[in-house]
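Have a look at the structure below before the remarks.
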Amino acid sequence: MHPACPTFEPDPGSSAAWKADCAVPEPMPTVEELYDQHFNFVWRNLTRLGVPAPHLEDAAQDVFVVVHRKLPSFEQRNTIKSWLFGITVRVAKLYRSRNIRQRGRELDEEPVLVSTTGTPEELQALRQAASHVQRLLDELDDDKRAVFVLAEFEAMTAPEIAGALGIPLNTAYSRLRHARLEFEAGVQRLRAKEDWRFR
Amino acid sequence: MKELGPDAKRLLGAAARLDAAPEQIQRRMRQRVLGSVAAGAVTTSAFVAKGAVLGTATTTATAAAGTTVVASSVSLVTGFLGAAAVGLGLGTAALVATHAVVVAPSSAVVHVGATAPHVSNYPAGNVHPQDPTLPLEAVRTQEANEERLPVAPGLENEATLPHVTTATNTPNGALKGHSSSNSRNERGISVARREPEGSRALGHGNVSTGTGDFSAVAKPDAASIVQETAILASVQRAIRRGNPSSALTALEQYRVQFPAGALQEEATASRIVALCGLGRTEEGQRLSADFLRRFPSSPLSAHVQAACLNGGASSSTANQ
């Protein structure tokens, strides 16, 4: 803390400058805390970013090892989630780039993602949907896929996405626009196939 | 910006409901991730061994070391239970400790770029823009210098700290953790102190993996593991300070206290180093031969073999 800062916290609203200069930063979370709070976030995004199922565990471990190493340099102006996602994207890219031929895992066989709610029938439908979505996501390139996943699954705003991925805001918008167009086209193809199948 | 159509939204909405890892995976991963992190951040990558380059430091040094450790990349007992996990990256075997090639239970060959430095001391660097698993820069702090284990000449800049965690699939099927970790690893301690859920569910030290069946893993008591690692940490310190007789005293305490301890392999390796350091070469070599019979796939084999050849403690103290 700055030496000129008072040792007690002033009345709320008495000095904005005090807050800026003297506010005690949030305590840094431990890796364990991050793991407990965000493991599922990392896991599902590794999945959605296309890390093959056999490599998910290694990739998840890599993410948290990097988190562990980089935690001291974490800047709290970013949200933890966007920071985590930045690491997750890079790890996923690494795994995807070397395993591009191992596509087509069957979510039905050994689910890597589950839902805490829903009947078995519903879960089966969800898996079916997830399987379709995974194939459609596979058609996007890595950059567009990352933006799309953050926007559509994690409901992040474009500025948050830009921050997480370290890209300009306009680039984030542009990628999201293209990703949506491509995904939408894929859905229409899927719809057409389904219609044809049940005709 | 154009929004997605209703079909796409429905599809995504359904897929988004699958948002969590199965509980079994969560438990397993918690143990694995926190175990490795607590014992000294290790980044695994299934690709390096297939020829892909993760980082020049790790790959170069691995080639130079020419040392291969057959191990499992699963979490480890000792590292999980306490940040004071003791590693035996001694002397020339720092090569083993710093650069281990790991064979995962799934038979995928995994390289452990063990250049991850001490948790609480390393400077904050940046993640490589393309490859976050690249090794970090060297650790320069005095504390780290005091605590770190010796590194082979020429690898000083690459293998900064042999904080390696490998879990060796020993012939009897048990997993043993070999980690090199600093007892002053504050963040590591914070990771390891609280009993993780996975541990509560699975029992202390129960190591399980998704890809291999390690149900026969020994389940040492948590408290005893912590004590064992504490004793072996003092052994390590004594060896590093060039005081093998103190190391032997501590090892004797270990032998009495833990006649069937979970870290027998590490204790024996330390004993060999200490004996050779004291000039009791014949005794050390005899024990070394016994060690190699008992632990044929030990990652410490190379070091144990070299201990007496290199004049024992001289190699262990080379870096002080």
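A, B, ... follow the sequence lines: proteins, then strands. Residue 1 opens every chain.
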Looking only at heavy atoms, the pair that brings E184(A) and G5(B) closest together is OE1-N, 2.5 Å
Taking all heavy atoms of L126(A) and all of A14(B), pick out the closest pair and write down the distance.
CD2-O, 3.4 Å
Give a yes or no answer on whether the side chain of Y35(A) reaches the backbone of R30(B) with a donor-acceptor pair at less than 3.5 Å.
yes
Taking every non-hydrogen atom, the tightest pair across A60(A) and M29(B):
CB-CE, 3.6 Å
Rounded to the nearest 0.5 Å, what's the gap from CG on L11(B) to CD on E152(A)? Could you check?
11.5 Å
With a 4.5 angstrom heavy-atom cut-off, could you sort out which part of V187(A) is near chain B: side chain, backbone, both or neither?
side chain
Could you grab the distance from atom CG of D7(B) to atom CG of L190(A), nearest 0.5 Å is fine?
9.0 Å
Less than 4.0 Å between a side-chain N and a carboxylate O, is that true for R32(B) and D58(A)?
yes
Do R28(B) and E57(A) meet the salt-bridge criterion of a basic N to acidic O distance under 4.0 Å?
yes
The interface call for E23(B) against chain A, heavy-atom contacts under 4.5 Å, is neither
To check you understand the geometry: which heavy-atom pair defines the closest contact between R17(B) and E122(A), and what is its length?
NH2-OE1, 4.3 Å
Where on F64(A) is there a heavy atom nearer than 4.5 Å to chain B: the side chain, the backbone, both, or neither?
both
Are the side chains of E3(B) and R180(A) in contact, using a 4.5 Å heavy-atom criterion?
yes
Q188(A) atom CD, neighbour heavy-atom count above 12 within 6.0 Å:
yes
CH2 of W43(A) to CD of Q26(B), rounded to nearest 0.5 Å, is 9.5 Å
Taking every heavy atom of A21(B) against every heavy atom of L113(A), the minimum-distance pair comes out as N-CD2, 4.3 Å
Is there side-chain contact between V133(A) and L12(B), with heavy atoms separated by less than 4.5 Å?
yes
Working to the nearest 0.5 angstrom, can you tell me the gap between L18(B) CG and R48(A) CZ?
8.0 Å
Do N40(A) and D19(B) come within less than 4.5 Å of each other through their side chains, counting heavy atoms only?
no
